[in-house]
Amino acid sequence: MVSAAFADRLTKKLVLFDVDGTLTPARQALSPEMIAALDDLRKKAIVGFVGGSDLVKISEQLSVNGSNAVDDFDYAFAENGLTAYKLGKPLESQSFIKFLGEDRYKPLVNFILHYVADMDIPIKRGTFVEFRNGMVNVSPIGRNATIEERLAFQAYDQKHGLRGAFVKALQEKFPDYGLTYSIGGQISFDIFPNGWDKTYALRHVEDEEFDEIHFFGDKTYKGGNDYEIFSDPRTIGHSVTSPADTIRILAELFP
Ligand code: M1P
C-alpha cells in the first residue's frame, strides 16, 4: 500500500536525482527534454532531488516558468538533505554550526581564509567561504565566478590538484573535528560532519517503506559527492555521464 501522502500514485518506487551533471549541466537550468522526462516519470514513481547546493541555487536551476522546485518534486533535498521538503512542506533538519560550535568553527574558517589568501592562482573573484545551514562551501576562485571562469578554474585545478591539496591541509590541521571534505563540483569543496553526505537524505524517506529507491548521479566514484548514496545498500544506484544519459536510462527503466 502507498501511504496517504502518495495515495494518488500506485507506486512504491522512489527515484532520487543528483542535480548538477545529472538533471542539468553544472549550475544551469533544466532542458525541455528533461522537464518532459520528469513529468512523465512522476506518473510512474515518486520523484525527488538530492543536491549538494543550497536550496536557493537549486531552485534557480530546477524551477520551470516561475514554479517552485519544492512543489515540482515529491521530495526536495538541498545541502545533502539538511534542508528537506516533502510534498512542498519542510521537514526537520540540523545545522552545521550547532554540530561544530562557534569555538571550533572560528579556527577552521580563519585557517581557510589564510590558505585562500596565500594561494597563487590565475584569477580570484569573491565569496570564498559560503556558510550554509548544513555545511560550509569553500571556493579558491570564489563563488561569484562566471561560467567561463568556472571552466577555466576546473581545468587549472585538474592540472595542479589545488583542491585536493587544500583538503589534505585541512585534514592534517583539524584531525579531530569529525568532518568530511567533499569535492563535488567545479570550483569548490563542501565541508560537513561525517555521515552528513547524501545518505543523510535517506532518513527522511524511511517512513514510506519504499520497495525500491533509485538514485541517479554523475559523481558516483569514490571521493565524488554521489558515492555514498550511490553505493548505499538501501538504493539502486545509476551512474550517468550527463543529463542526456539520465533521460536515456529513465526511458529504459520506466518505459
Ligand atoms: O552539487 C555539486 C556541488 O555544486 C556546487 O559546486 P561548484 O560550485 O564547485 O560547482 C556547490 O554548490 C557544491 O556545494 C555542490 O556540492
Side-chain angles (χ1 to χ4, degrees), residues 16-30 34 48-62 69 73 76-84 93 95-96 109 112 116 119 121 123-158 160-167 170 179-201 215-230 239-243 246:
L16 294 172
F17 298 94
D18 161 56
V19 180
D20 283 338
T22 301
L23 287 181
T24 72
R27 293 293 302 120
Q28 295 182 45
L30 288 172
M34 183 61 84
F49 63 80
V50 194
S53 291
D54 59 82
L55 190 56
V56 173
K57 288 193 202 72
I58 294 179
S59 299
E60 282 167 12
Q61 293 174 254
L62 301 188
F73 288 79
F77 298 123
E79 298 188 41
N80 296 350
L82 267 299
T83 300
S93 79
S95 89
F96 175 85
V109 75
I112 290 168
V116 170
M119 284 178 101
I121 54 176
I123 61 165
K124 289 185 187 174
R125 291 296 177 254
T127 314
F128 303 101
V129 176
E130 187 172 80
F131 182 81
R132 301 178 181 166
N133 177 50
M135 66 175 70
V136 169
N137 176 265
V138 179
S139 173
I141 184 174
R143 299 217 55 79
N144 309 75
T146 63
I147 301 277
E148 291 72 32
E149 289 164 350
R150 281 180 157 265
L151 296 174
F153 176 85
Q154 190 179 26
Y156 189 83
D157 188 40
Q158 265 159 13
H160 297 280
L162 301 170
R163 286 183 290 175
F166 200 159
V167 163
L170 283 161
L179 296 173
T180 296
Y181 302 87
S182 171
I183 302 176
Q186 297 174 308
I187 57 160
S188 65
F189 58 90
D190 297 325
I191 307 178
F192 47 78
N194 292 340
W196 291 18
D197 51 64
K198 290 188 182 183
T199 59
Y200 189 95
F215 173 78
F216 287 71
D218 65 323
K219 299 202 176 57
T220 53
Y221 45 83
K222 205 165 178 6
N225 69 344
D226 294 325
Y227 173 74
E228 290 86 358
I229 188 167
F230 169 80
S239 191
V240 304
T241 53
S242 65
T246 302

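Computation of the quantities below employed the complete heavy-atom set of this structure, encompassing side-chain atoms and omitting hydrogens, waters and symmetry-equivalent molecules. Just so you know, ligand 1 is whichever comes first in the structure, and atom 1 is the first atom listed for that ligand.
- Residues Lys57 and Glu130 are paired through a salt bridge, judged by an N-O separation under 4.0 Å between the basic side chain and the carboxylate.
- Ser188 and Ser139 form no side-chain donor-acceptor contact under 3.5 Å, judged by distance and modelled atom types alone.
- One finds no salt bridge joining Asp20 and Lys219 here, because no Lys/Arg side-chain nitrogen approaches an Asp/Glu carboxylate oxygen to under 4.0 Å.
- Ordered by chain and residue number, the residues placing a heavy atom less than 4.0 Å from ligand 1 are Asp20, Gly52, Ser53, Arg132, Asn137, Arg143, Arg150, Gly184, Gly185, Gln186, Ile187, Ser188, Asp190, Asn225.
- For Phe73, the ring pair (Phe, Tyr, Trp, His ring centres under 6.0 Å) partners at least two apart in sequence or on another chain are Phe49.
- Evaluation of the side-chain contact (heavy atoms from CB on, under 4.5 Å) rule for Tyr181 yields Leu108, Val167, Leu170, Gln171, Phe174, Leu179, Phe189, Ile191 as partners, not counting sequence neighbours.
- Qualifying side-chain contact (heavy atoms from CB on, under 4.5 Å) partners for Thr180, counting only residues two or more places apart in sequence or in other chains: Phe192, Asn194.
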